[in-house]
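Written below as structure tokens is the structure these notes are about.
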Amino acid sequence: SFPGGRRDPADGDAVATALRETREELGVAVAATSVWGQLRTLPDRHGMTVAPVVANLGPLEALTLNPNPDEVEEVFTLPLAHLLREENQGYTHFRTASGYRYTLPVFLNGPHKVWGLTAIITELTLELLLPG
């Protein structure tokens, strides 16, 4: 999943929350000037509203990550080219007890499967960066 969490009273807005959570979870200080914008809000499975924020962190090689072991089990990245290959894309079908059915994207990568809200945010970001 992406860094994230509840908005603190000291956070001015969703962007401030995203920047604080990224610093707390990954040890990366992202400047507000690096923020490209915010995607549309999405509901999570618990009924909370998620406000994805997109920022440019620069080259990965230049980043020094210091993941918080209390919040982050593992860090991995996926190249854009990998995410765009059809063989790495799929969909998962769900059905609730009430009969409601829905389909969500999934991205495959060896031992890592990106699914759920993370896959939705990934797909929305790809559509924004590379329409069509």
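Just so we're clear, the structure is a prediction, and the values are computed from it rather than from any experiment. Worth knowing before you read on, the calculation uses all heavy atoms, side chains too, and leaves out hydrogens, waters and symmetry mates.
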Leu78 CG to His112 NE2 distance, which is reported to the nearest 0.5 Å | 8.0 Å

CG/Leu117 to CG/Leu104 distance, rounded to the nearest 0.5 angstrom?
-> 9.0 Å

Which heavy atom in Glu21 sits nearest to a heavy atom in Gly4, and how many Å separate them?
-> OE1-O, 3.2 Å

Using atom types as modelled and distance alone, determine if a side-chain donor or acceptor of Asn56 lies under 3.5 Å from a backbone N or O of Gly58.
-> yes

Do the non-hydrogen side-chain atoms of Asn68 and Glu24 ever get within less than 4.5 Å of each other?
-> no

Interatomic distance, Leu130 atom CG to Thr125 atom OG1 [nearest 0.5 angstrom] = 10.5 Å

What is the distance from atom OG1 of Thr103 to atom CZ of Arg95, rounded to the nearest 0.5 Å?
-> 12.0 Å

In terms of hydrophobic clusters joined by side-chain contacts under 4.5 Å, are Val72 and Leu19 together?
-> yes

Report yes or no: do Val15 and Leu128 belong to one cluster of Ile/Leu/Val/Met/Phe/Trp/Tyr joined by side chain heavy-atom distances under 4.5 Å?
-> no

Taking the side chain as every heavy atom from C-beta outward, state whether Thr22 and Val53 have any atom pair closer than 4.5 Å.
-> no

Check against side-chain contact (heavy atoms from CB on, under 4.5 Å), Asn88 and Leu83 = CA-CA 6 Å; Asn88 297 327; Leu83 293 169; over 6 Å; no

Output the distance between atom CG (Leu26) and atom CD (Glu71), rounded to the nearest 0.5 Å.
-> 9.5 Å

What closest approach, in Å, do Val106 and Lys113 show between heavy atoms, and which atom pair accounts for it?
-> CG2-CG, 3.3 Å

Group every Ile, Leu, Val, Met, Phe, Trp and Tyr by side-chain heavy-atom contacts under 4.5 Å, then state whether Val50 and Phe107 land in the same group.
-> yes

Measure the CD-OG1 distance between Gln89 and Thr122 for me, rounded to the nearest 0.5 Å.
-> 11.0 Å

On a heavy-atom basis, the closest approach of Val30 and Ser34 is CG1-CB, 3.9 Å

Closest non-hydrogen contact found for Thr17 with Gly5 is CG2-O, 3.7 Å

Closest non-hydrogen contact found for Pro105 with Glu123 is CB-OE2, 3.6 Å

Minimum-distance pair of heavy atoms, taken over all atoms of Leu63 and Leu57 | CD2-O, 3.8 Å

Decide whether Phe2 and Leu129 are clustered together by the hydrophobic rule: side chain heavy atoms of Ile, Leu, Val, Met, Phe, Trp, Tyr closer than 4.5 Å, transitively.
-> yes

Is Tyr91 reachable from Phe94 through a run of I, L, V, M, F, W or Y residues, each pair having side-chain heavy atoms under 4.5 Å apart?
-> no

